[in-house]
Amino acid sequence: MLSESKCEKIVDMAVDCVERLKLDKSSKSGKSKNVEVEVHISSTNAATSRFANNEMTQNQVQELDSISLRVLANGSQVRLSGQDLSKDGIESLVELAYKTATRLERDPNLLSLPKPDKVKLPRFKRYDEKTADMTADERARAVKKIIETVKKEEAVAAGIVSSLDSVTAMGNSRGIFQFHRQSEIECSITALYGSATGWAKAHATKASQIDVEKLARQAAEKARMGADPQDIAPGRYLTILEPAAVLDLLAFLWWDFAATSHLDELSSLRDKLGQKVFSEKLTVRDDVHYKLQAGAPFDGEGLARQMVSLVENGVFKTIVSGRRAAAQGDFPLTNHGLVEPDSFGEMPLNIVVEGGQTSLEEMTKSVVGQKEAILLTRVWYVREVDPAKKLLTGMTRDGTFVVKNGKISHAVKNLRFNISLFDLLNNIVMLGPECRTAGEEGFPAVVPPMMVKDFNFTEVTRF
Amino acid sequence: MADLESELLETAIKTARKLGASHCDANILRRRSEFIQTKNDRLLALNRDATSGIGIRVLVNGGWGFASTQHLNTQAVAKCARLAVEVAAASSKCLVKPVELVPEPVWNAIWVSPHLIDPEKIDLDSKLERLFTSAETILSVKGITLAQGMLHFLRDEKFFASSEGSCIEQISLRTGCLIEATAAADGDQQRRSYPQSFGQYELAGYEMVERWDLPGHAKQIAEEAVALLTAPECPAGQIDTIIGASQLALQIHESMGHPSELDRALGQEINFAGASFLKPDQLNVLQYGSPLVNLVADATAPGALGSFGFDDEGVQAQKTYLVKDGLFKGFLTSRDTAASIGLARSGGCLRAESWNFAPIIRMTNISLEPGPVGGSLYDLVADTQDGLLMETNKSWSIDSMRYNFQFSTEAAWEIKNGKLGRLLKNPSYSGITPDFWNTCDAIAGPSDYVNWGTPNCGKGQPMQTMWTGHGASPARFRKLTIGAARN
């Protein structure tokens with residue numbers, strides 16, 4: 001893994017090279033050239049053990065150190081990436097970028113690189129040596145535990161145990177240098193009981209925060225409950241969404257808060273700033289400092305990510321921006337820029353959806369009398385059908401149940417849904433406590449379980 | 001093969017064997033890429049990337065291990081091989097049955113993908129000119145709010161060796177191009193893409209960019225995007241539908257390609273990508289589609305994105321039938337999965353995204369053979385009394401067993417009495433895979449056949465993105481379910 005001092009040296013080498021280029025060019029032309037460089041460094045050590053049918057099927061280790069640099073010259077910019085971190089390698093990358101940038105037409109919207117801001121960034125404790133150094137034997141032991149736990153429930157186990165040690169560092173020729181090191185562990189498990197499946201997943205920065213046996217039991221219990229699924233007619237149902245289902249639906253909304261999506265007239269929230277667009281029960285913020293969050297405290301240009309309120313009691317409060325979009329669209333700067341240049345521009349990457357007090361169990365118990373609800377463990381293959389109306393389609397998966405008389409009644413065959421996020425988020429009935437959640441469509445975030453009315457199921461599949 | 005690559009591959013294999021690996025194969029990859037993106041009349045991104053390294057895969061006591069390093073020197077490669085053995089030894093402690101491999105001939109080969117013009121020889125200004133000319137045309141159409149363009153070029157040099165003695169060198173050039181026109185007004189937004197959504201990609205050089213003539217199609221997509229804003233909604237119901245070739249390519253990808261991956265059918269991908277409704281006991285039994293439906297896995301198709309000389313475990317590229325005359329005939333396989341269902345040879349489908357990923361079963365070119373009668377899209381339309389034509393994918397979703405799917409396309413046209421009528425917006429269709437393919441009653445001939453490229457197929461944990469190809473002509477499906485998305 002690249003250390004902080006090594007990363008700093010790499011940035012210095014690129015900056016020195018740019019300084020020499022400026023001198024060379026100015027001596028030839030008699031004019032001082034404005035050349036700038038921004039350097040991003042990534043160092044990762046990832047390992048993933050995959051298992052299925054109660055045995056290990058694939059086991060891999062991936063290490064990669066890489067550099068990506070953006071050179072601004074002659075009013076244009078170019079980004080080049082590579083793996084050669086030697087002095088010669090960096091110099092040749094900078095020189096090639098400079099040569100290419102000077103051939104491009106000037107971009108009148110191109111901004112000079114930022115100077116260090118006055119905000120002192122926190123150093124998050126998101127690195128755990130034990131997690132980062134997890135060995136193949138340790139992963140294999142975890143896999144064995146999972147398999148044994150699932151087998152006790154007469155089910156078959158599949159899934160992954162993976163660990164990651166990653167360094168994200170960046171700096172520029174105007175004096176910014178940022179460094180973030182993080183460890184991560186991810187465990188997801190699918191249990192098969194006959195043809196029924198149950199699933200559980202967790203993601204954390206420390207291995208000690210994940211109980212793989214507990215996850216295995218959850219997956220196996222879901223699989224057992226999923227046996228003999230019955231047919232159900234499509235329609236609009238009161239629905240309880242577990243956190244992973246909430247996460248993988250809401251993941252399609254986050255970019256709509258980005259300034260670039262508003263500038264390009266692609267956001268479903270366009271012209272709605274300050275309006276109540278969702279249920280008053282919905283409050284969302286982007287907060288990299290939140291205790292259950294992960295990630296670096298700086299954005300793609302090295303500036304301190306601000307905590308922003310995105311939705312407050314259903315009112316759309318803030319458009320997140322990076323410097324480029326903020327300048328073009330006169331948006332307040334929130335430092336959410338991605339690594340430039342990027343067609344998406346910005347993204348709130350540290351989502352916290354405020355929860356409520358009603359646990360999943362209490363939501364289930366509330367379904368009494370004539371009421372009937374569907375409980376979703378997870379959604380799958382979610383895609384936008386209509387981006388302007390935020391109409392999404394997808395399937396349920398790995399545990400879809402009917403709830404009545406205050407408990408889970410029986411499993412049903414998986415359903416296709418077509419639902420607008422505006423409908424979903426205006427139909428919130430109850431929220432549970434927020435928790436760190438990992439799904440498969442979006443990045444992990446802090447979200448609560450949710451009960452909503454009139455969730456629109458349009459078709460049924462065959463299993 | 002160059003001396004350095006030979007030495008490194010030999011080091012990897014010798015080290016692994018010495019430490020107890022019963023099998024070892026290793027891939028060195030050197031990749032260069034250039035990605036150009038324009039937005040309206042500006043260059044949004046010019047990104048160039050270079051990556052190289054070696055991935056070493058070993059079997060120890062019947063368990064797989066994989067490790068990779070970017071440091072292409074003998075010391076680092078030997079260390080990487082030791083790590084692969086250590087990882088495999090850990091795997092072997094969690095086995096029900098040791099892995100077995102079906103045999104493959106030993107190959108000593110050099111393979112170069114067919115191309116006419118090396119994109120690296122084309123001046124940057126010429127590339128940009130093509131995108132800016134397209135953007136200017138798109139933006140000249142009143143009502144357009146966004147014009148985007150993309151060119152993407154990749155060059156791979158791969159060096160493979162195995163402990164069985166194979167030694168293979170491959171050079172592949174892949175090229176992609178795209179223009180998009182978006183119109184937004186009154187809370188609606190509509191998009192048209194050319195040659196297809198996400199762009200057309202081929203195993204080819206710059207000649208494909210010239211052939212697809214982006215500037216020549218810019219006006220049409222811009223006008224259609226604007227027209228869609230005020231077009232009537234596509235009706236719902238059970239409607240005879242002609243699916244355009246690029247949309248059908250994605251339909252093939254999702255509802256034939258993925259379900260026929262044997263690792264999915266065996267449950268190995270169930271935790272993320274999902275399983276499959278296809279099982280080995282359905283081979284030669286399941287009527288997958290109508291007798292017109294012939295689906296092939298063809299890694300030898302010239303210029304198609306999923307073609308290669310050899311896969312990433314040294315199996316030669318092949319052409320095999322997955323569905324013949326509508327009957328389910330075969331899976332996409334690797335050497336270990338083929339062994340597990342008693343096949344004699346792998347179908348050659350094991351590929352990795354890059355040098356630092358363990359290879360998994362991937363689609364090659366999964367293609368629908370053109371109709372035996374021939375004819376064009378025009379002939380299909382002329383033969384349809386009352387129906388729809390749907391073109392260019394907009395969204396796609398399918399369940400984890402690959403039964404229930406729903407697709408929407410950027411545009412549709414009504415067909416009345418054998419003629420194309422009004423443009424319709426927001427079309428979508430849905431169905432169940434085998435039911436759908438059994439309603440296919442006409443496929444256009446070779447004149448309308450295109451090898452479409454899908455550059456973004458995701459599978460595996462960690463997720464790997466792969467290049468796949470899908471040859472297709474437009475085809476007609478009777479009484480397709482239209483419009484369930486908007487119920």
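The figures that follow rest on heavy atoms only: side chains count, while hydrogens, waters and symmetry mates do not. All chains are named by letter (A, B, ...) in the order of the sequence lines, taking the proteins before the strands, and each is independently numbered beginning at 1.
- Listed options A:Asn109, A:Leu266, A:Thr197 were ranked by heavy-atom pairs under 4.5 angstrom with chain B; first place goes to A:Leu266.
- Few gaps surround CG on B:Asp123; more than 12 heavy atoms of other groups in view lie less than 6.0 Å from it.
- Around the NZ atom of A:Lys151, the shell of radius 6.0 Å holds no more than 12 heavy atoms that belong to other residues, nucleotides or ligands.
- At least one donor-acceptor pair under 3.5 Å links the side chain of B:Gln70 to the backbone N or O of A:Asp65.
- For the side chain to side chain contact (heavy atoms under 4.5 Å, CB included) criterion with B:Cys94, the lone passing option out of A:Asn54, A:Val143, A:Asn59 is A:Val143.
- Side chains of A:Tyr381 and B:Gln406: a donor-acceptor N/O pair is absent below 3.5 angstrom, by distance only.
- Remark: A:Glu105 CD is loosely packed, at most 12 non-hydrogen atoms of other residues, nucleotides or ligands lying under 6.0 Å away.
- Every residue meeting the side-chain contact (heavy atoms from CB on, under 4.5 Å) condition with A:Leu110, not counting sequence neighbours, appears here in chain and number order: A:Leu72, A:Gln77, A:Asp107.
- With a 4.5 Å cut-off on non-hydrogen atoms, A:Glu138 does not touch chain B at all.
- The contact list for residues 394-401 of chain B toward chain A, using heavy atoms and a distance under 4.5 Å, reads B:Lys394, B:Ser395, B:Trp396, B:Ser397, B:Ile398, B:Asp399, B:Ser400, B:Met401 by residue number.
- Under 3.5 Å, the side chains of B:Gln461 and A:Ser162 contain no donor-acceptor pair of N or O atoms.
- Here A:Met56 is the residue among A:Lys201, A:Arg139, A:Met56 with the most heavy-atom pairs under 4.5 Å with chain B.
- With a threshold of 4.5 angstrom between heavy atoms, A:Leu104 approaches chain B through side-chain atoms but not through N, CA, C or O.
- Interface summary for chain A: among B:Leu83, B:Leu46, B:Asn40, the most heavy-atom pairs under 4.5 angstrom belong to B:Leu46.
- Heavy-atom distances place no part of B:Pro427 under 4.5 Å from chain A, backbone and side chain included.
- Environment of NZ in B:Lys79: sparse, with no more than 12 heavy atoms of neighbouring residues, nucleotides or ligands closer than 6.0 Å.
- Applying the side-chain contact (heavy atoms from CB on, under 4.5 Å) test to A:Glu55 and every residue at least two apart in sequence or in another chain returns B:Leu95, B:Val96.
- In this structure A:Glu340 satisfies the salt bridge (charged side-chain N to carboxylate O under 4.0 Å, His left out) test together with A:Arg324, sequence neighbours excluded.
- The two residues B:Asn271 and A:Arg378 come nearest to each other via the heavy atoms O-NH2, 3.5 Å.
- Between atom CH2 of residue B:Trp64 and atom CD of residue A:Gln58 there is a gap of 10.0 Å, rounded to the nearest 0.5 Å.
- At a 4.5 Å heavy-atom cutoff, the contact between A:Val460 and chain B is made by backbone atoms alone.
- For the atom pair CE (A:Met395) and CZ (B:Phe405), the distance works out to 12.0 Å, reported to the nearest 0.5 Å.
- No other option in A:Gln62, A:Arg416, A:Glu265 has as many heavy-atom pairs under 4.5 Å with chain B as A:Arg416.
- Closest heavy-atom contact between A:Trp380 and B:Arg402: CZ2-NH2, 4.3 Å.
- The 12-atom threshold is not exceeded at CG of B:Asn61, counting heavy atoms of other residues, nucleotides or ligands nearer than 6.0 Å.
- Interface check for chain B: of the options A:Ser420, A:Ser49, A:Pro108, A:Ala157, the most heavy-atom pairs under 4.5 Å are formed by A:Pro108.
- For the set A:Asn53, A:Asp264, A:Thr100, A:Thr458, the count of heavy-atom pairs under 4.5 angstrom toward chain B peaks at A:Asp264.
- Among all heavy-atom pairs drawn from B:Pro434 and A:Arg462, the shortest one is CG-NH1, 4.3 Å.
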What's the verdict on salt bridge (charged side-chain N to carboxylate O under 4.0 Å, His left out) for B:Lys425 and A:Asp386, showing C-alpha distance, side-chain angles and the deciding distance? CA-CA 11 Å; B:Lys425 72 171 166 185; A:Asp386 186 337; over 6 Å; no
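- Using a 4.5 Å cut-off between heavy atoms, B:Ser428 does not touch chain A at all.
- Side-chain contact check for A:Thr461 and B:Asn404: no donor-acceptor pair (N or O, by modelled atom type) lies under 3.5 Å.
- Looking at B:Ile270, the atoms closer than 4.5 Å to chain A (heavy atoms on both sides) sit in the backbone and in the side chain alike.
- Ion pairing between a basic and an acidic side chain is recognised when a charged N comes within 4.0 Å of a carboxylate O; A:Arg79 and B:Asp49 show no such pairing.
- With a 4.5 angstrom heavy-atom cutoff, B:Leu44 touches chain A via backbone and side-chain atoms both.
- For B:Thr481, the part lying near chain A is the side chain, with the backbone staying farther off; criterion is any non-hydrogen pair under 4.5 Å.
- Neither the backbone nor the side chain of B:Phe35 comes within contact range of chain A, judged by heavy atoms closer than 4.5 Å.
- The shortest non-hydrogen separation linking B:Gly187 to A:Ala388 is O-CB, 3.3 Å.
- With no hydrogens or angles considered, no side-chain donor-acceptor pair links A:Arg383 and B:Ser408 at under 3.5 Å.
- Under a cut-off of 6.0 angstrom, the local environment of NZ in A:Lys272 is crowded, with over 12 non-hydrogen atoms contributed by other residues, nucleotides or ligands.
- For the pair A:Pro341/B:Asn47, a side-chain contact is recorded, criterion being any heavy-atom separation below 4.5 Å from C-beta on.
- One distance of note links CD1 of A:Ile160 with CZ of B:Phe272; it measures 9.5 Å at 0.5 Å rounding.
- The two residues B:Gln268 and A:Arg50 make their nearest non-hydrogen contact at O-NH2, 4.1 Å.
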Walk me through whether B:Phe407 and A:Thr393 qualify under side-chain contact (heavy atoms from CB on, under 4.5 Å). CA-CA 9 Å; B:Phe407 292 93; A:Thr393 191; over 6 Å; no
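- In this structure, the side chain of A:Gln83 engages the main chain of B:Ser52 through a donor-acceptor pair within 3.5 Å.
- Looking at every heavy atom in both residues, A:Asn418 comes nearest to B:Ala484 through ND2-O, 4.1 Å.
- Your options are A:Glu384, A:Glu63, A:Arg103, and the one with the most heavy-atom pairs under 4.5 Å with chain B is A:Arg103.
- Annotation: side chain of A:Ser343 is in contact with side chain of B:Gln37 (closest heavy-atom distance under 4.5 Å).
- Looking at B:Asp435, only its side chain comes within 4.5 Å of chain A, counting heavy atoms on both sides.
- Comparing B:Glu86, B:Lys39, B:Met463, B:Arg486 by how many heavy-atom pairs each has under 4.5 Å with chain A, the most go to B:Arg486.
- Side-chain atoms of B:Asn356 and A:Gln60 include no donor-acceptor pair closer than 3.5 Å.
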